[in-house]
Amino acid sequence: MSVLIAIPARYASTRYPGKPLVPLTGANGNAMTLIERSWRAACSVSGVDKVVVATDDDRIRDVAEGFGAEVVMTSETCGNGTERCAEAHQTLGAGYEIVVNLQGDAPLTPHWFVEDLIAGLRSAPDAGVATPVLRCDGDALNSLLNDRKHGRVGGTTAVFAADHSAMYFSKEVVPFTAESFSGDAPTPVFHHVGVYAYRPDALAAYPTWPVGPLEQLEGLEQLRFMENGRKVLCVEVEAKGRQFWELNNPQDVPKLEEMMAAMGLD
């Protein structure tokens with residue numbers, strides 16, 4: 001099955017304007033923009049036919065082309081990354097059997113997260129969309145809780161049924177647990193990894209649906225699939241010793257740089 005990875009990137013982020021062009025310094029002291037690090041993460045995934053950056057901004061296009069990425073220009077009217085991926089796929093001829101949305105704020109995404117995601121969608125013909133989830137350890141859960149305590153929107157959490165079909169995604173920490181966890185202790189909370197794999201029919205349908213109340217309240221694009229009766233498959237992935245976090249707020253920059261230093265990532 002042919003696979004396209006599209007990296008949606010926009011300059012005018014509400015929470016962090018210019019985020020794709022923010023430099024992140026790796027373990028060797030080398031600074032690269034967030035979009036380049038995300039592109040390099042996408043290029044490390046095996047079994048992929050094409051990787052593109054999808055943007056509506058000339059500044060992002062110029063930087064991306066400067067480090068060798070293929071860029072697909074999309075309209076300013078795209079409301080989120082899924083809509084931008086749908087437009088990019090259409091611009092490229094809509095010929096791919098799986099389209100992966102590797103969001104441009106997740107440069108620490110290991111290649112096996114995406115490889116497992118693609119394999120999960122291939123094995124679930126009743127699912128139009130799949131997305132990875134990672135069981136939080138105590139440290140990750142406490143980071144999520146600390147963000148919410150201080151009024152910051154950090155990572156997203158997911159709850160899913162026994163067949164791994166999504167039940168809900170939230171920027172709140174769900175499910176609630178009164179138990180305390182520390183260090184690398186496993187917890188019942190799953191961190192949603194901001195990557196999606198779509199079948200082309202589900203992706204093409206997405207922009208035709210109106211924004212629903214849950215998507216509007218949470219600001220989470222994947223809820224539109226669920227609000228329109230499409231199954232979203234949660235694929236559990238393993239960290240294998242890698243730390244994972246997205247760049248959501250300016251305060252996340254030193255956190256990501258510390259993680260890269262600890263893991264020896266250049």
In terms of hydrophobic clusters joined by side-chain contacts under 4.5 Å, are [X] and [Y] together?
X	Y	result
Val100	Val53	yes
Leu21	Met73	yes
Val232	Val133	no
Leu256	Leu144	yes
Leu134	Leu102	yes

* When you look at Gln222 and Thr131, which way does the side-chain hydrogen bond (donor to acceptor under 3.5 Å, both in side chains) test go after all the steps? -> CA-CA 9 Å; Gln222 66 270 35; Thr131 193; over 6 Å; no
N-O pairing of [X] and [Y] below 4.0 Å:
X	Y	value
Arg10	Asp56	no
Glu83	Arg224	yes
Arg59	Asp57	yes

Output yes when a side-chain donor or acceptor of [X] lies under 3.5 Å from a complementary backbone atom of [Y], and no otherwise.
X	Y	answer
Asn146	Asn142	no
Lys19	Leu247	yes
Thr55	Arg61	no
Asp137	Ala140	yes

Quick check: do [X] and [Y] have side-chain heavy atoms less than 4.5 Å from each other?
X	Y	value
Tyr96	Pro200	no
Val63	Thr33	yes
Asn248	Arg152	no
Lys50	Leu92	yes
His164	Val235	no
Pro132	Trp112	no
Asp163	Lys231	yes
Gln103	Val195	no

Point-to-point distance, once rounded to the nearest 0.5 Å, from [atom1] of [X] to [atom2] of [Y]:
X	Y	atom1	atom2	value
Cys85	Tyr206	SG	OH	10.5 Å
His192	Lys171	NE2	NZ	12.0 Å
Ile60	Tyr11	CD1	OH	8.0 Å
Leu220	Phe225	CG	CZ	13.0 Å
His111	Ser46	NE2	OG	7.5 Å
Arg148	Thr157	CZ	OG1	10.0 Å

Under 30°, 30 to 60°, or over 60°: which ring-plane class applies to [X] and [Y], parallel, tilted or perpendicular?
X	Y	result
Phe67	Trp39	tilted
Phe190	Phe160	perpendicular
Tyr198	Tyr196	parallel

* Asked: Checking side chain to side chain contact (heavy atoms under 4.5 Å, CB included) for the pair Glu257/Met260: CA distance, chi angles, key distance, verdict?
  -> CA-CA 5 Å; Glu257 291 178 336; Met260 287 190 290; 4.2 Å; yes
Compare every heavy atom of [Y] with every heavy atom of [X], then report the nearest pair and how far apart it is.
X	Y	answer
Gly104	Ser38	O-OG, 3.0 Å
Pro8	Ala6	CD-O, 3.3 Å
Ala41	Pro107	CB-O, 3.9 Å
Leu121	Leu233	N-CD2, 4.4 Å
Gln243	Ala262	NE2-CB, 3.7 Å

Exceeds 12 heavy-atom contacts within 6.0 angstrom, atom [atom1] of [X]:
X	atom1	answer
Glu238	CD	no
Met263	CE	yes
Asp201	CG	yes
Gln216	CD	no

* To do: Assess whether side chain to side chain contact (heavy atoms under 4.5 Å, CB included) is satisfied between Met32 and Leu24, documenting all intermediate values.
  => CA-CA 5 Å; Met32 281 185 233; Leu24 291 172; over 6 Å; no
* Which is it for Thr74 and Glu87 under the side-chain hydrogen bond (donor to acceptor under 3.5 Å, both in side chains) test, yes or no, and what are the steps along the way? -> CA-CA 7 Å; Thr74 54; Glu87 186 175 321; 4.9 Å; no
* **Non-neighbouring partners of Asp116 that pass salt bridge (charged side-chain N to carboxylate O under 4.0 Å, His left out), sequence neighbours left out** =>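 Expected list: none.
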